[in-house]
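Working notes, beginning with the structure itself.
Being a predicted model, the structure only gives us computed values, none of them experimental.
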Amino acid sequence: MKLKEGMKAPPFAEQAMHKNKWIVLYFYPKDDTPGCTREACGFRDLSAEFAKENAVILGVSKDSVESHERFQSKYQLPFPLISDPELKLHEAYGAYGSKVLYGKTSLGVIRSTFLIDPEGIIAKAWYSVKVDEHVAKVLEAIRKGS
């Protein structure tokens, strides 16, 4: 099920640690792959701007905690990465399912980003994200208040 603006965000453990903040929750397919690295580094490079807007960034993939630690260390990522190997969080957010890549349909991670407001409501949902320019769009949405 795809989430839409105005819906209550499905709860997750890390959410409670960031009460009264905007949360950028982004789902990506795999640590240390070209598109995922560009996206993570984009969030890293603008992380101070997100912090000025009272926003935290949380990345999610099905990779292991160890893989996340290597990825964070290699690229100096200043935000947490959530390991979701059983895809429970992915499925709750509609970030796993059928997708078309090069004309072929398969089951997998759908690169998605959710902007969750301080009250826990989805302010913006992006599915099938194209990495380039995406991070700037997310920051702009926060600055506009959604």
Side-chain angles (χ1 to χ4, degrees), residues 1-19 21-51 53 55-142 146:
M1 176 181 92
K2 287 195 173 186
L3 299 178
K4 294 183 174 44
E5 294 166 21
M7 295 175 79
K8 183 101 176 108
F12 55 99
E14 294 78 4
Q15 188 176 17
M17 300 179 334
H18 303 293
K19 287 200 182 307
K21 289 185 179 264
W22 288 90
I23 297 174
V24 175
L25 186 68
Y26 82 96
F27 292 83
Y28 64 97
K30 187 150 182 53
D31 288 342
D32 212 4
T33 55
C36 299
T37 298
R38 280 200 334 270
E39 185 176 25
C41 290
F43 279 116
R44 176 200 64 201
D45 295 347
L46 290 177
S47 62
E49 295 300 312
F50 280 96
E53 302 298 329
V56 295
I57 300 163
L58 301 171
V60 184
S61 83
K62 58 186 180 161
D63 293 303
S64 68
V65 170
E66 296 77 17
S67 175
H68 281 344
E69 287 170 351
R70 286 190 301 273
F71 188 43
Q72 281 180 294
S73 175
K74 183 174 180 179
Y75 294 101
Q76 289 91 47
L77 303 179
F79 47 84
L81 298 177
I82 299 168
S83 177
D84 186 33
E86 294 172 4
L87 302 169
K88 288 187 179 354
L89 196 54
H90 285 76
E91 289 170 351
Y93 278 81
Y96 187 85
S98 289
K99 61 182 189 173
V100 179
L101 191 61
Y102 306 115
K104 185 177 171 232
T105 302
S106 64
L107 205 57
V109 175
I110 299 163
R111 189 184 303 274
S112 311
T113 301
F114 302 90
L115 180 57
I116 303 168
D117 77 12
E119 283 76 50
I121 304 298
I122 303 284
K124 201 95 170 138
W126 293 269
Y127 286 96
S128 301
V129 165
K130 303 288 183 243
V131 172
D132 299 321
E133 312 296 321
H134 177 64
V135 174
K137 288 178 188 169
V138 176
L139 182 59
E140 183 181 329
I142 292 173
S146 73

Study note, to complete from the structure: Correct closest heavy-atom pair for Glu53 and Leu139 would be CG-CD1, 4.2 Å

Practice item. Please tell me if the side chains of Tyr28 and Leu81 come closer than 4.5 Å, counting only heavy atoms from C-beta onward. Key: yes

Review point. Is the backbone N or O of Leu115 less than 3.5 Å from a side-chain atom of Tyr26, with the two atoms forming a donor-acceptor pair by type?
Key: no

Practice item. Tell me, please, which residues at least two apart from His68 pass ring pair (Phe, Tyr, Trp, His ring centres under 6.0 Å). Key: none

Review point. With no hydrogens and no angle check, is any side-chain donor or acceptor of Ser112 less than 3.5 Å from a backbone partner on Ile110?
Key: yes

Point to revise | Residues which pass ring pair (Phe, Tyr, Trp, His ring centres under 6.0 Å) with Phe71, listed by chain and number, not counting sequence neighbours | key: Tyr75

Do any side-chain atoms of residues 57-64 form donor-acceptor pairs under 3.5 angstrom with protein atoms, and if so which ones, sequence neighbours left out?
residue	atom	partner	partner atom	Å
Ser61	OG	Asp63	N	3.1
Ser61	OG	Asp63	OD2	2.8
Asp63	OD1	Lys30	NZ	3.4
Asp63	OD2	Asp31	N	2.7
Ser64	OG	Glu66	OE1	3.4
Ser64	OG	Ser67	N	3.0

Revision key, fill the gap. Residues passing the side-chain contact (heavy atoms from CB on, under 4.5 Å) test with Gln76, sequence neighbours excluded, are none

**Study point:** Side chain proximity check, Tyr127 to Leu3, heavy atoms < 4.5 angstrom
**Key:** yes

Exercise for review: Would you please name every residue forming a side chain to side chain donor-acceptor pair (under 3.5 Å) with Arg70, sequence neighbours left out?
Suggested key: none

Revision key, fill the gap. Across all chains, not counting sequence neighbours, the ring pair (Phe, Tyr, Trp, His ring centres under 6.0 Å) partners of Phe50 are Phe43

Point to revise | Gln15: side-chain contact (heavy atoms from CB on, under 4.5 Å) partners, not counting sequence neighbours | key: Ala9, Pro11, Phe12, Ile23, Ile116

Practice item. Report the residues that fulfil side-chain contact (heavy atoms from CB on, under 4.5 Å) with Thr105, sequence neighbours left out, ordered by chain and then residue number. Key: Ser98, Val100

Revision key, fill the gap. Closest non-hydrogen contact found for Lys130 with His134 is O-CB, 3.3 Å

Point to revise | Sequence neighbours excluded - side-chain hydrogen bond (donor to acceptor under 3.5 Å, both in side chains) pairs with any residue from residues 3-14 | key: none

Review point. If you round to the nearest 0.5 Å, how far is CZ of Arg38 from OG1 of Thr33?
Key: 9.5 Å

Review point. Heavy-atom distance under 4.5 Å between the side chains of Thr113 and Leu25, does that happen here?
Key: no

Check your understanding: Which residue pairs satisfy the salt bridge (charged side-chain N to carboxylate O under 4.0 Å, His left out) criterion with at least one member in residues 91-114, sequence neighbours excluded?
Key -> Glu39-Arg111

Check your understanding: Atom CZ of Arg44 and atom OG1 of Thr37: how far apart are they, to the nearest 0.5 Å?
Key -> 10.0 Å

Review point. Sequence neighbours excluded, which residues qualify as side-chain contact (heavy atoms from CB on, under 4.5 Å) partners of Val65?
Key: Glu69, Ser83

Exercise for review: Quick one: list whatever passes ring pair (Phe, Tyr, Trp, His ring centres under 6.0 Å) with Phe27, sequence neighbours left out.
Suggested key: His90, Tyr93, Phe114

